[in-house]
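A note on names: the letters A, B, ... follow the listed sequences, proteins ahead of strands, and every chain is numbered from 1.
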Amino acid sequence: MIRMDLRPTPSRFWTSASPIMAVVLTMIAGGVLFALLGKDPLVAIRTIFWDPLFGEFAFYYRPQLLVKGAPLILIAIGLSLGFRAGIWNIGAEGQYIVGAISGAAVGLAFYPLDSFIVFPLMVLAGALGGMAWAMVPALLKVRFGTNEILVSLMLVYVAENLLAAMALGPLKNPDGMGFPGSRNLSQYDSADSWIVESAGLHWGVVAAVVAVICAWVLLNRHMLGFQIRLTGQSPRAARFAGVRPNALVLFCLGTSGALAGLAGLFEVAGPSGQISIDFNSGYGFTAIIVAFLGRLHPLGILLGGLLMALTYIGGEIAQSQMALPAAAIQAFQGMLLFFLLGVDVLTNYRVRFGKTEVA
Amino acid sequence: MTNLLTIEGLTKAYPGVVANDNVSFSVREGEVHALLGENGAGKSTLVKMIYGLVKPDSGRMTLRDAAHEPTEPRAARAAGVGMVFQHFSLFEALNVAENVALGMENPPPQRQLAARIREVSENYGLPLDPFRVVGDLSAGERQRVEIIRCLLQDPRLLIMDEPTSVLTPQEVKILFETLRRLAAEGTAILYISHKLEEIRALCDGATILRQGKVIDSCDPREKSAAELAEMMVGSTLHSPNRSATEPGEIVLDVSGLSLKPATPFGKTLKNVHLTVRAGEVLGIGGVAGNGQDELLAALSGEVLAEANAIRLHNRPIGQLGPNARRRLAMLSAPEERLGHAAAPDMSLTENALLTGAIRENLVANGFLRWPAARAFAERIIKGFDVRTPGPENAARSLSGGNLQKFVIGREVLQRPEVLVVNQPTWGVDASAAAAIRQALLDLASEGTAVIVISQDLDELMEVSDRFAALNEGRLSAPRAACDLTMEEIGLMMGGAHDMEVAHVAE
């Protein structure tokens with residue numbers, strides 16, 4: 001029988017080794033899945049993990065890595081702060097949408113003014129929009145004790161309908177011959193978030209890197225970060241240490257909302273270009289996986305976001321080249337989180353094989 | 001009388017520690033047998049093996065001439081072994097009869113069971129209403145539920161783990177009468193405790209454990225408490241000494257403090273009055289669950305009170321949070337070490353930061369000064385003899401006694417003017433407990449006003465200048481500790497909760 005003993009302190013080795021082991025296990029289990037579907041598992045794994053980086057068309061896929069990774073990382077960094085404190089913002093997707101709408105609305109309002117001030121104002125509006133959307137669950141939780149998981153999640157669906165209303169109504173392109181969707185912001189120089197489009201570099205990438213650094217400093221060097229970690233580990237000890245739980249709820253939800261809003265703004269002003277009915281593509285939900293994949297650590301999230309972006313891009317290639325069903329790719333991504341959480345046990349427990357005992 | 005339970009060469013090892021090393025002893029029928037030893041001496045592991053919770057590595061147990069090898073508590077119960085744990089396993093929202101039924105294999109209908117509970121409880125002088133909700137019962141009454149739950153199975157051997165730690169002196173007396181009556185009927189009782197006077201008053205035989213080994217056995221009635229203590233600890237213990245100082249001016253003044261509890265089964269604090277002078281130790285006794293946690297939370301600032309209800313140097317502080325009070329040199333150490341006084345998974349450095357950030361200057365402009373925090377943690381470890389490889393170790397890796405020394409040391413080193421501690425030596429071995437009490441007395445002699453909340457009356461008598469008791473959220477008027485008798489203390493703690501009546505009637 002298998003027995004699990006709690007380690008006195010978390011294992012340092014397994015803290016860093018378990019994500020690698022999880023990726024390896026995902027490749028093995030995924031390979032079996034692909035083989036059962038009648039595809040060559042080695043080719044499929046190579047298509048997903050190798051081709052986007054070093055394959056024949058890598059020059060096209062590598063910039064995509066930044067484009068897809070940046071919003072995931074930016075959102076996941078914000079979420080990780082709350083998750084560490086036990087504050088569960090599940091509605092980043094909605095905050096992402098509202099941030100994009102707010103930012104885009106500011107940009108469209110100035111159209112066609114040519115000024116350096118337009119883009120910074122859009123960034124500000126995007127952050128405030130996302131933050132405001134996250135403040136709804138935050139204030140309801142602080143004031144009435146509602147569950148932030150439910151409220152933030154339900155607001156995603158409100159945001160999706162708001163998006164449709166905006167794309168069809170106030171933000172619709174007046175020169176669009178009746179088609180739904182706004183003007184293309186990436187063709188409006190003052191509102192464009194691209195820095196080097198061919199390299200996949202836009203201001204969202206810069207913001208993601210800055211967010212990773214700021215989050216690292218906050219968690220490791222600042223009292224607020226200490227309070228966040230303390231609250232997540234032992235809420236009672238946190239109150240004893242003078243942490244005000246309500247202030248922390250407002251800060252964590254506000255920050256994660258603002259970062260999700262920023263991600264939405266950079267997306268709408270660059271890669272996506274316009275507010276359309278189907279503007280959002282699930283970054284806000286995938287970022288939850290990225291946050292846990294990176295074990296809520298800023299550098300881990302950076303790597304986790306890039307890995308997740310890789311499986312997205314690789315998955316799309318595998319779909320188009322090997323005719324793998326989309327569901328198989330999603331199952332593959334799900335396995336990654338499954339194995340990560342499973343292997344995580346090794347960090348805190350030592351596994352022993354041998355006789356069981358009544359204990 | 002014949003031997004009921006014989007234990008030969010019982011050994012149980014855990015990674016890194018041998019909990020029981022070749023333990024042998026026997027219990028006769030109708031004997032009240034004490035297992036005496038410090039925390040960590042292996043008493044709990046031993047009885048868990050008898051009760052089928054832990055399987056021994058080697059050794060033999062014989063119960064009434066038959067091999068006793070229970071693989072689970074159910075088997076042990078079937079063989080006639082009952083156990084009352086130190087921590088109760090009762091559902092607060094259910095009534096007494098429902099709780100008893102939950103522990104039975106085939107519970108009879110509620111009405112029949114209730115009648116049985118009444119009958120057994122009155123036979124043994126432990127009156128209990130089967131339809132009362134457990135959440136409303138005192139700790140002593142809850143223990144009665146656990147005892148009656150065992151007695152309903154007619155055990156041959158009843159194991160009691162530290163049964164008196166939650167009782168008032170009067171309740172202890174009643175419990176002892178019950179146990180003596182059980183013994184007279186032939187039930188053997190295995191009694192675990194480290195309270196020597198109790199063992200001398202109750203037990204016919206004693207086995208003394210130290211570091212997992214049987215050190216000695218004796219008839220406790222023929223030994224003095226000091227002799228027993230020496231056998232238990234293995235060396236003479238120094239009782240804390242204090243230099244007599246005149247108490248100074250009043251530092252902390254609590255008047256008319258009333259607070260509603262945050263949880264449904266918490267206690268309401270009702271009109272609490274107390275004052276503490278500089279250099280004085282105020283001991284607050286009482287049975288667990290009578291408002292101790294609530295009082296500490298109100299004094300630490302975790303729960304806010306009316307501004308004027310708590311005054312420090314005549315300044316209203318009832319509305320100030322924990323950190324604002326720390327700034328004013330009013331510090332506290334709660335009872336629960338893991339999860340309240342310290343964060344289990346954080347390092348000792350981080351735990352030093354937890355309360356030391358303000359007074360030890362460990363934060364500059366919101367940024368943490370890790371080297372300073374580490375140095376502070378090292379000072380605590382050194383100054384209070386905390387056994388750990390270093391400050392980077394997680395709090396949960398420390399033994400209870402070592403972590404408690406760390407928690408108390410962390411507050412003592414911050415030069416408090418008022419220090420409030422709850423259960424400062426709970427679950428701590430005798431030498432660590434002595435060190436902690438000495439540290440509190442030293443602090444008082446340097447002019448700090450100290451409040452010690454504890455359920456250990458011996459401890460309170462040892463350290464307090466004045467004594468008060470919490471009962472149902474009310475604090476009795478403090479009295480000088482030196483001229484109090486145990487009887488008077490018991491009455492201050494709320495007497496025996498109507499138990500006398502039943503005994504007069506018998």
Side-chain angles (χ1 to χ4, degrees), chain A residues 1 3-12 15 84-86 145 213-248 251 295-297 344 347-359, chain B residues 12 14-16 48-49 52-57 70-73 75 296-297 300-303 321-327 332-334 336-347 350-351 353-358 362-370 373 392-398:
Chain A
M1 281 291 281
R3 204 146 57 84
M4 312 250 274
D5 294 339
L6 186 67
R7 292 177 194 272
T9 41
S11 156
R12 273 173 188 277
T15 305
R84 283 214 176 205
I213 296 168
C214 287
W216 190 88
V217 172
L218 179 77
L219 287 172
N220 291 289
R221 292 276 181 269
H222 200 275
M223 193 62 189
L224 189 57
F226 177 72
Q227 294 186 337
I228 287 173
R229 290 190 291 133
L230 186 60
T231 304
Q233 290 193 5
S234 6
R236 246 185 120 193
R239 211 158 317 140
F240 179 59
V243 177
R244 285 172 303 157
N246 284 346
L248 213 57
F251 173 80
R295 42 193 52 232
L296 307 182
H297 188 286
D344 229 23
T347 314
N348 281 310
Y349 291 87
R350 186 175 283 131
V351 180
R352 286 171 192 282
F353 299 92
K355 262 180 26 187
T356 48
E357 118 168 51
V358 195
Chain B
K12 173 74 204 174
Y14 290 111
K48 277 182 187 162
M49 289 193 281
L53 280 166
V54 173
K55 203 177 158 200
D57 295 339
T71 48
E72 52 177 349
L296 183 111
S300 71
E302 287 164 275
V303 174
N323 280 337
R325 293 189 197 188
R326 286 189 184 111
R327 235 169 247 126
S332 52
E336 189 66 46
R337 290 182 281 266
L338 288 173
H340 193 182
D345 290 324
M346 285 190 159
S347 71
E350 287 170 304
N351 272 300
L353 189 64
L354 197 142
T355 69
I358 291 165
L362 306 179
V363 178
N365 300 324
F367 284 90
L368 305 172
R369 297 173 54 213
W370 282 121
E392 64 285 344
N393 282 62
R396 71 158 193 239
S397 71
L398 267 63

Rounded to the nearest 0.5 Å, how far apart are [atom1] of [X] and [atom2] of [Y]?
X	Y	atom1	atom2	answer
Asn351(B)	Leu230(A)	CG	CG	8.0 Å
Asn365(B)	His222(A)	CG	NE2	8.5 Å
Phe226(A)	Leu368(B)	CZ	CG	7.5 Å
Asp345(B)	Ser234(A)	CG	OG	7.5 Å

Which heavy-atom pair separates [X] from [Y] by the least distance, and what is that distance?
X	Y	answer
Thr355(B)	Phe240(A)	CG2-CE2, 3.4 Å
Pro322(B)	Gly242(A)	CG-CA, 3.9 Å
Trp370(B)	Asn220(A)	NE1-O, 2.6 Å
Glu302(B)	Arg239(A)	CG-O, 4.0 Å
Ala343(B)	Gln233(A)	CB-OE1, 4.4 Å

For [X], is it the side chain, the backbone, both, or neither that has a heavy atom closer than 4.5 Å to a heavy atom of chain A?
X	answer
Glu350(B)	both
Arg326(B)	side chain
Ser332(B)	both
Ala324(B)	neither

- Give the member of Ala238(A), Ala237(A), Gly225(A) that has the highest number of heavy-atom pairs under 4.5 Å with chain B.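 Between Ala238(A), Ala237(A), Gly225(A), the count favours Ala237(A).
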- Of the backbone (N, CA, C, O) and the side chain (C-beta and beyond), which part of Val243(A) lies under 4.5 Å from a heavy atom of chain B, both, or neither?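 Interface part for Val243(A): neither.
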- Item | Atom group of Arg244(A) that falls short of 4.5 Å from chain B, counting heavy atoms |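 Neither; nothing under 4.5 Å.
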